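Since this is a predicted model, take the numbers as computed values, not measurements. Just follow the structure's listing: the first ligand is 1, and inside any ligand the first atom is 1.
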Amino acid sequence: MTIHPAFSFELFPPRTPEGVEKLPAVIGQLAGVRPDYFSITHGAGGSDRDGTYETLITVVRHSGVEAVPHLTCVGSTRAKVAALLDRYREAGVKRIVALRGDLPADTTASSAPGEFHYANDLVSFIRETHGNAFQIEVAAYPEMHPQATSPGADFDNFRRKVEAGADAALTQLFYNVDAYFDFMERCSKAGIRIPVFPGIMPITSFARTVRFCDGCGADLPRWVRLRLEQLQDDREALLDFGLSVVTRLCETLLRNGAPGLHFYTINQAEPTLRLWEKLALSVPA
Ligand code: FAD
(Lines give C-alpha, C1' and ligand atoms only; values in the text may rest on other atoms or scores of the structure.)
Protein backbone atom coordinates (compact mmCIF):
# COMPACT_ATOMS: atom_id res chain seq x y z
CA MET A 1 0.00 0.00 0.00
CA THR A 2 1.33 3.47 -0.87
CA ILE A 3 1.10 5.93 1.99
CA HIS A 4 0.55 9.45 0.67
CA PRO A 5 2.24 12.31 2.47
CA ALA A 6 -0.16 14.45 4.52
CA PHE A 7 -0.13 18.24 4.20
CA SER A 8 -1.63 20.74 6.60
CA PHE A 9 -1.84 24.54 6.67
CA GLU A 10 -1.70 26.59 9.85
CA LEU A 11 -3.75 29.80 10.24
CA PHE A 12 -4.12 32.23 13.12
CA PRO A 13 -7.30 34.09 14.17
CA PRO A 14 -7.01 37.50 12.47
CA ARG A 15 -6.69 40.45 14.84
CA THR A 16 -7.74 43.30 12.54
CA PRO A 17 -10.99 43.95 10.60
CA GLU A 18 -8.95 43.79 7.34
CA GLY A 19 -7.53 40.42 8.37
CA VAL A 20 -11.03 39.10 9.13
CA GLU A 21 -12.28 40.33 5.76
CA LYS A 22 -9.34 38.79 3.85
CA LEU A 23 -9.40 35.39 5.54
CA PRO A 24 -12.18 33.63 3.56
CA ALA A 25 -10.33 34.36 0.30
CA VAL A 26 -7.04 33.08 1.76
CA ILE A 27 -8.78 29.91 2.96
CA GLY A 28 -10.47 29.46 -0.42
CA GLN A 29 -7.15 29.77 -2.29
CA LEU A 30 -5.31 27.39 0.05
CA ALA A 31 -8.20 24.90 0.04
CA GLY A 32 -7.80 24.66 -3.74
CA VAL A 33 -4.75 22.40 -3.34
CA ARG A 34 -6.71 20.09 -1.03
CA PRO A 35 -4.70 20.02 2.20
CA ASP A 36 -5.55 17.32 4.73
CA TYR A 37 -6.55 19.96 7.25
CA PHE A 38 -6.23 23.56 8.37
CA SER A 39 -5.07 24.09 11.94
CA ILE A 40 -5.89 27.27 13.84
CA THR A 41 -3.68 28.69 16.58
CA HIS A 42 -4.88 29.59 20.06
CA GLY A 43 -3.44 32.28 22.34
CA ALA A 44 -1.78 31.10 25.54
CA GLY A 45 -4.16 31.18 28.51
CA GLY A 46 -7.11 31.05 26.12
CA SER A 47 -6.63 34.70 25.13
CA ASP A 48 -8.24 34.21 21.71
CA ARG A 49 -10.48 31.33 22.57
CA ASP A 50 -13.36 32.79 20.59
CA GLY A 51 -11.07 33.82 17.73
CA THR A 52 -9.94 30.21 17.33
CA TYR A 53 -13.53 29.00 17.30
CA GLU A 54 -14.67 31.68 14.84
CA THR A 55 -11.76 30.95 12.50
CA LEU A 56 -12.59 27.25 12.72
CA ILE A 57 -16.14 27.97 11.62
CA THR A 58 -14.84 30.20 8.77
CA VAL A 59 -12.65 27.31 7.57
CA VAL A 60 -15.57 24.88 7.63
CA ARG A 61 -17.85 27.33 5.76
CA HIS A 62 -15.35 28.36 3.11
CA SER A 63 -13.45 25.17 2.40
CA GLY A 64 -15.09 21.94 3.49
CA VAL A 65 -11.57 20.94 4.62
CA GLU A 66 -11.12 19.51 8.15
CA ALA A 67 -10.53 22.28 10.72
CA VAL A 68 -8.25 21.53 13.67
CA PRO A 69 -8.04 23.86 16.68
CA HIS A 70 -4.85 24.32 18.68
CA LEU A 71 -5.55 24.21 22.39
CA THR A 72 -3.14 25.78 24.87
CA CYS A 73 -3.42 24.93 28.55
CA VAL A 74 -1.01 27.08 30.57
CA GLY A 75 -2.86 29.51 32.86
CA SER A 76 -6.13 27.67 32.31
CA THR A 77 -8.30 25.44 34.49
CA ARG A 78 -9.70 21.95 33.98
CA ALA A 79 -13.22 23.42 33.87
CA LYS A 80 -12.33 25.89 31.10
CA VAL A 81 -10.49 23.31 29.03
CA ALA A 82 -13.35 20.82 29.52
CA ALA A 83 -15.86 23.41 28.28
CA LEU A 84 -13.77 24.09 25.18
CA LEU A 85 -13.38 20.39 24.44
CA ASP A 86 -17.15 19.92 24.71
CA ARG A 87 -17.70 22.86 22.36
CA TYR A 88 -15.27 21.45 19.82
CA ARG A 89 -16.80 18.01 20.03
CA GLU A 90 -20.26 19.45 19.40
CA ALA A 91 -18.84 21.29 16.37
CA GLY A 92 -17.65 17.97 14.92
CA VAL A 93 -13.91 18.49 15.60
CA LYS A 94 -11.98 15.21 15.37
CA ARG A 95 -8.42 16.36 15.91
CA ILE A 96 -6.70 18.79 18.29
CA VAL A 97 -3.19 20.24 18.49
CA ALA A 98 -2.48 20.07 22.26
CA LEU A 99 0.05 22.59 23.58
CA ARG A 100 1.27 24.19 26.75
CA GLY A 101 1.41 27.64 25.14
CA ASP A 102 3.88 30.41 25.81
CA LEU A 103 4.27 31.34 29.48
CA PRO A 104 2.78 34.59 30.83
CA ALA A 105 5.52 37.23 31.45
CA ASP A 106 7.59 36.75 34.63
CA THR A 107 6.42 33.20 35.28
CA THR A 108 7.95 29.75 34.96
CA ALA A 109 6.12 26.58 33.97
CA SER A 110 5.75 25.56 37.62
CA SER A 111 4.85 29.03 38.97
CA ALA A 112 2.35 29.91 36.21
CA PRO A 113 -1.21 30.14 37.51
CA GLY A 114 -3.74 27.53 36.44
CA GLU A 115 -4.11 23.77 36.66
CA PHE A 116 -1.89 22.69 33.77
CA HIS A 117 1.87 23.17 33.61
CA TYR A 118 2.96 21.14 30.62
CA ALA A 119 1.45 19.83 27.41
CA ASN A 120 1.63 16.23 28.66
CA ASP A 121 -0.88 17.23 31.41
CA LEU A 122 -3.26 18.42 28.67
CA VAL A 123 -2.83 15.28 26.55
CA SER A 124 -3.59 13.12 29.62
CA PHE A 125 -6.62 15.27 30.45
CA ILE A 126 -8.04 14.95 26.91
CA ARG A 127 -7.58 11.19 26.97
CA GLU A 128 -9.12 10.91 30.49
CA THR A 129 -12.16 12.98 29.59
CA HIS A 130 -12.74 12.10 25.92
CA GLY A 131 -11.00 8.77 25.35
CA ASN A 132 -10.11 8.45 21.68
CA ALA A 133 -12.72 10.92 20.41
CA PHE A 134 -9.95 13.29 19.30
CA GLN A 135 -6.78 12.57 17.39
CA ILE A 136 -4.09 14.46 19.33
CA GLU A 137 -1.12 16.22 17.76
CA VAL A 138 1.65 17.73 19.89
CA ALA A 139 4.65 20.00 19.27
CA ALA A 140 8.16 18.63 18.68
CA TYR A 141 11.44 20.55 18.77
CA PRO A 142 14.21 19.00 16.67
CA GLU A 143 16.57 21.81 17.81
CA MET A 144 15.32 21.75 21.44
CA HIS A 145 12.65 23.92 23.02
CA PRO A 146 14.36 27.19 24.07
CA GLN A 147 13.39 26.79 27.75
CA ALA A 148 14.52 23.17 28.03
CA THR A 149 17.43 22.39 30.34
CA SER A 150 19.14 20.06 27.82
CA PRO A 151 18.37 18.24 24.54
CA GLY A 152 18.07 14.97 26.51
CA ALA A 153 15.61 16.42 29.04
CA ASP A 154 13.59 17.98 26.23
CA PHE A 155 13.43 14.68 24.38
CA ASP A 156 12.28 12.91 27.58
CA ASN A 157 9.53 15.53 27.85
CA PHE A 158 8.53 14.88 24.24
CA ARG A 159 8.31 11.19 25.10
CA ARG A 160 5.97 12.02 28.04
CA LYS A 161 3.52 13.55 25.54
CA VAL A 162 3.67 10.46 23.36
CA GLU A 163 3.18 8.19 26.40
CA ALA A 164 0.25 10.34 27.51
CA GLY A 165 -1.49 9.54 24.23
CA ALA A 166 -0.31 11.81 21.38
CA ASP A 167 -0.98 10.34 17.93
CA ALA A 168 1.34 12.58 15.90
CA ALA A 169 3.64 15.59 16.23
CA LEU A 170 4.23 18.83 14.31
CA THR A 171 7.68 20.35 14.59
CA GLN A 172 8.79 23.86 15.28
CA LEU A 173 10.00 25.55 12.08
CA PHE A 174 13.58 24.70 11.09
CA TYR A 175 15.94 25.30 8.16
CA ASN A 176 18.60 22.80 9.22
CA VAL A 177 17.38 19.52 7.79
CA ASP A 178 19.87 17.42 9.78
CA ALA A 179 18.17 18.47 13.00
CA TYR A 180 14.97 16.76 11.84
CA PHE A 181 16.73 13.55 10.79
CA ASP A 182 18.65 13.47 14.08
CA PHE A 183 15.36 13.88 15.96
CA MET A 184 13.81 11.02 13.98
CA GLU A 185 16.81 8.82 14.75
CA ARG A 186 16.36 9.54 18.46
CA CYS A 187 12.65 8.68 18.14
CA SER A 188 13.49 5.43 16.43
CA LYS A 189 16.04 4.47 19.12
CA ALA A 190 13.48 5.32 21.83
CA GLY A 191 10.80 3.19 20.16
CA ILE A 192 8.66 6.24 19.33
CA ARG A 193 6.72 5.46 16.18
CA ILE A 194 4.25 8.33 15.83
CA PRO A 195 4.55 10.41 12.63
CA VAL A 196 6.45 13.68 13.10
CA PHE A 197 5.48 16.30 10.51
CA PRO A 198 8.10 18.96 9.75
CA GLY A 199 6.87 22.53 10.29
CA ILE A 200 7.69 24.61 7.21
CA MET A 201 7.85 28.41 7.19
CA PRO A 202 8.15 29.97 3.71
CA ILE A 203 10.84 32.66 3.54
CA THR A 204 9.49 36.04 2.44
CA SER A 205 11.58 38.55 4.38
CA PHE A 206 15.05 38.80 5.92
CA ALA A 207 13.93 40.57 9.10
CA ARG A 208 10.97 38.29 9.72
CA THR A 209 12.93 35.08 9.13
CA VAL A 210 15.67 36.19 11.53
CA ARG A 211 13.07 37.23 14.12
CA PHE A 212 11.21 33.92 13.94
CA CYS A 213 14.38 31.85 14.09
CA ASP A 214 15.82 33.83 16.99
CA GLY A 215 12.46 33.69 18.80
CA CYS A 216 12.15 29.91 18.69
CA GLY A 217 15.82 28.95 18.75
CA ALA A 218 15.96 27.65 15.16
CA ASP A 219 19.30 27.63 13.39
CA LEU A 220 19.28 29.81 10.28
CA PRO A 221 22.34 28.57 8.37
CA ARG A 222 24.93 31.34 8.04
CA TRP A 223 24.97 31.27 4.26
CA VAL A 224 21.17 31.63 4.12
CA ARG A 225 21.22 34.52 6.60
CA LEU A 226 23.96 36.29 4.63
CA ARG A 227 22.21 35.83 1.27
CA LEU A 228 18.88 37.06 2.68
CA GLU A 229 20.58 40.06 4.22
CA GLN A 230 22.21 40.91 0.93
CA LEU A 231 18.93 40.55 -0.99
CA GLN A 232 16.68 42.37 1.47
CA ASP A 233 16.20 45.40 -0.79
CA ASP A 234 15.42 43.32 -3.88
CA ARG A 235 12.08 41.71 -3.04
CA GLU A 236 11.76 39.54 -6.15
CA ALA A 237 15.28 38.16 -5.81
CA LEU A 238 14.76 37.50 -2.10
CA LEU A 239 11.49 35.65 -2.77
CA ASP A 240 13.16 33.52 -5.46
CA PHE A 241 16.08 32.68 -3.20
CA GLY A 242 13.80 31.91 -0.23
CA LEU A 243 11.66 29.70 -2.44
CA SER A 244 14.63 27.71 -3.67
CA VAL A 245 15.98 27.19 -0.11
CA VAL A 246 12.64 26.02 1.27
CA THR A 247 11.79 23.90 -1.79
CA ARG A 248 15.10 22.04 -1.39
CA LEU A 249 14.38 21.58 2.33
CA CYS A 250 10.92 20.12 1.62
CA GLU A 251 12.19 17.86 -1.17
CA THR A 252 14.96 16.49 1.03
CA LEU A 253 12.49 15.84 3.83
CA LEU A 254 9.91 14.09 1.65
CA ARG A 255 12.49 12.00 -0.21
CA ASN A 256 13.95 10.81 3.05
CA GLY A 257 10.86 9.65 4.85
CA ALA A 258 9.05 12.69 6.28
CA PRO A 259 5.37 11.68 6.48
CA GLY A 260 4.16 15.03 5.09
CA LEU A 261 4.56 18.74 5.85
CA HIS A 262 2.84 21.30 8.09
CA PHE A 263 3.01 24.81 6.58
CA TYR A 264 3.03 27.94 8.72
CA THR A 265 1.07 30.15 6.31
CA ILE A 266 0.85 33.29 8.50
CA ASN A 267 -2.55 33.79 6.82
CA GLN A 268 -0.98 34.41 3.41
CA ALA A 269 -1.87 32.11 0.55
CA GLU A 270 0.75 33.11 -2.00
CA PRO A 271 4.07 32.08 -0.38
CA THR A 272 2.72 28.62 0.51
CA LEU A 273 1.10 28.15 -2.91
CA ARG A 274 4.31 29.14 -4.75
CA LEU A 275 6.13 26.54 -2.72
CA TRP A 276 3.38 24.05 -3.36
CA GLU A 277 3.59 24.58 -7.14
CA LYS A 278 7.34 24.04 -7.16
CA LEU A 279 7.04 20.97 -4.97
CA ALA A 280 4.32 19.39 -7.10
CA LEU A 281 7.09 18.74 -9.64
CA SER A 282 8.98 16.53 -7.30
CA VAL A 283 6.57 15.25 -4.65
CA PRO A 284 5.86 11.59 -5.43
CA ALA A 285 2.32 11.10 -6.80
P1 FAD B 1 5.65 21.37 26.47
O2 FAD B 1 5.72 20.14 25.68
O3 FAD B 1 4.93 21.35 27.77
O4 FAD B 1 7.18 21.84 26.71
C5 FAD B 1 7.46 23.13 27.22
C6 FAD B 1 8.80 23.12 27.95
O7 FAD B 1 8.68 22.43 29.19
C8 FAD B 1 9.93 22.42 27.21
O9 FAD B 1 11.13 23.09 27.50
C10 FAD B 1 9.95 21.02 27.80
O11 FAD B 1 11.22 20.39 27.72
C12 FAD B 1 9.51 21.27 29.23
N13 FAD B 1 8.66 20.20 29.78
C14 FAD B 1 7.63 19.59 29.13
N15 FAD B 1 7.02 18.68 29.95
C16 FAD B 1 7.68 18.73 31.12
C17 FAD B 1 7.51 18.05 32.36
N18 FAD B 1 6.53 17.15 32.53
N19 FAD B 1 8.37 18.35 33.39
C20 FAD B 1 9.36 19.28 33.22
N21 FAD B 1 9.56 19.96 32.04
C22 FAD B 1 8.72 19.70 31.03
N23 FAD B 1 1.74 28.64 21.07
C24 FAD B 1 0.55 29.24 21.31
O25 FAD B 1 0.44 30.04 22.25
N26 FAD B 1 -0.55 28.98 20.52
C27 FAD B 1 -0.52 28.09 19.51
O28 FAD B 1 -1.51 27.86 18.84
C29 FAD B 1 0.74 27.44 19.22
N30 FAD B 1 0.85 26.54 18.21
C31 FAD B 1 2.04 25.88 18.03
C32 FAD B 1 2.12 24.89 17.03
C33 FAD B 1 3.30 24.18 16.82
C34 FAD B 1 3.35 23.13 15.75
C35 FAD B 1 4.44 24.47 17.62
C36 FAD B 1 5.74 23.72 17.40
C37 FAD B 1 4.38 25.45 18.60
C38 FAD B 1 3.18 26.14 18.83
N39 FAD B 1 3.06 27.11 19.83
C40 FAD B 1 1.86 27.75 20.05
C41 FAD B 1 4.22 27.46 20.65
C42 FAD B 1 4.24 26.64 21.97
O43 FAD B 1 3.10 26.92 22.72
C44 FAD B 1 5.49 27.04 22.72
O45 FAD B 1 6.63 26.55 22.06
C46 FAD B 1 5.49 26.67 24.21
O47 FAD B 1 6.55 27.39 24.83
C48 FAD B 1 5.68 25.19 24.47
O49 FAD B 1 4.55 24.46 24.17
P50 FAD B 1 4.61 22.84 24.17
O51 FAD B 1 3.24 22.37 23.95
O52 FAD B 1 5.67 22.39 23.25
O53 FAD B 1 5.05 22.60 25.68
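- In the vicinity of Ala148, heavy-atom distances shorter than 4.0 Å reach the ligand 1 atoms 9 (O), 11 (O).
- Checked by distance only, ligand 1 and Arg100 come closer than 3.5 Å through their nitrogen or oxygen atoms.
- Among Leu173, Leu99, Asp102, the residue whose heavy atom lies closest to atom 40 (C) of ligand 1 is Leu99.
- Under a 3.5 Å cut-off, the side chain of Lys161 and the backbone N or O of Ala139 do form a donor-acceptor pair.
- Contacts with ligand 1 closer than 4.0 Å are made by side-chain heavy atoms of Asn120 only, the backbone lying farther away.
- Inclusion of Gly43 in the set of residues having an N or O under 3.5 Å from an N or O of ligand 1 is not warranted.
- Ligand 1 places these atoms under 4.0 Å from at least one heavy atom of Leu170: 34 (C).
- Between Asp182 and Arg186 there is a salt bridge, since a side-chain N of the basic residue sits under 4.0 Å from a carboxylate O of the acidic one.
- Under the 3.5 Å distance criterion, with hydrogens and angles disregarded, a donor-acceptor pair is assigned to the side chains of Gln135 and Glu137.
- A heavy-atom separation below 4.0 Å is not found between Val97 and ligand 1.
- Taking distance alone, with nitrogen or oxygen atoms compared against 3.5 Å, Glu10 stays at or beyond that limit from ligand 1.
- Residue Thr72 places no N or O, backbone or side chain, under 3.5 Å from any N or O of ligand 1.
- With respect to the salt-bridge test (charged N to carboxylate O, under 4.0 angstrom), the residues Arg225 and Asp214 qualify.
- Ligand 1 places these atoms under 4.0 Å from at least one heavy atom of Gln147: 9 (O).
- Between Asp154 and ligand 1, at least one N/O pair is under 3.5 Å apart.
- Ligand 1 places these atoms under 4.0 Å from at least one heavy atom of Ala139: 35 (C), 36 (C), 52 (O).
- Neither the backbone nor the side chain of His117 comes within contact range of ligand 1; no heavy atom lies under 4.0 Å.
- Residue contacts with ligand 1 include Tyr264, since one of its heavy atoms falls under 4.0 Å from the ligand.
- Side chains of His70 and Thr52: a donor-acceptor N/O pair is absent below 3.5 angstrom, by distance only.
- Using a 4.0 Å cut-off to heavy atoms of Arg160, the atoms of ligand 1 that qualify are 17 (C), 18 (N).
- For an aromatic pair to be called close, the ring centres must be under 6.0 Å apart, and Phe7 with Tyr37 fails this.
- Here Arg127 pairs with Asp167 in a salt bridge; the nearest charged N to carboxylate O distance falls below 4.0 Å.
- Within the 4.0 Å heavy-atom cutoff, Phe158 does not count among the residues contacting ligand 1.
- The aromatic ring centroids of Phe125 and Phe116 lie less than 6.0 Å from each other.
- A cation-pi arrangement is not found for Arg95 relative to Phe134, the charged atom failing to lie both closer than 6.0 Å to the ring centre and inside a 45° cone about the ring normal.
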Test side chain to side chain contact (heavy atoms under 4.5 Å, CB included) applied to Phe212 and Leu220, step by step: CA-CA 10 Å; Phe212 280 141; Leu220 182 60; over 6 Å; no
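- The shortest N or O to N or O distance between Asn157 and ligand 1 is under 3.5 Å.
- For a threshold of 3.5 Å applied to N or O pairs, the pair formed by Lys161 and ligand 1 contains at least one separation below that value.
- Applying the 4.0 Å criterion to heavy atoms of Gln172 picks out, from ligand 1, the atoms 36 (C).
- When Tyr118, Phe155, Tyr141 are checked for heavy-atom proximity to atom 14 (C) of ligand 1, Tyr118 turns out nearest.
- Inspection of the His262 and Ser8 side chains reveals an N or O donor paired with an N or O acceptor under 3.5 Å.
- Donor-acceptor pairing under 3.5 Å is recorded for the side chains of Arg100 and Gln147.
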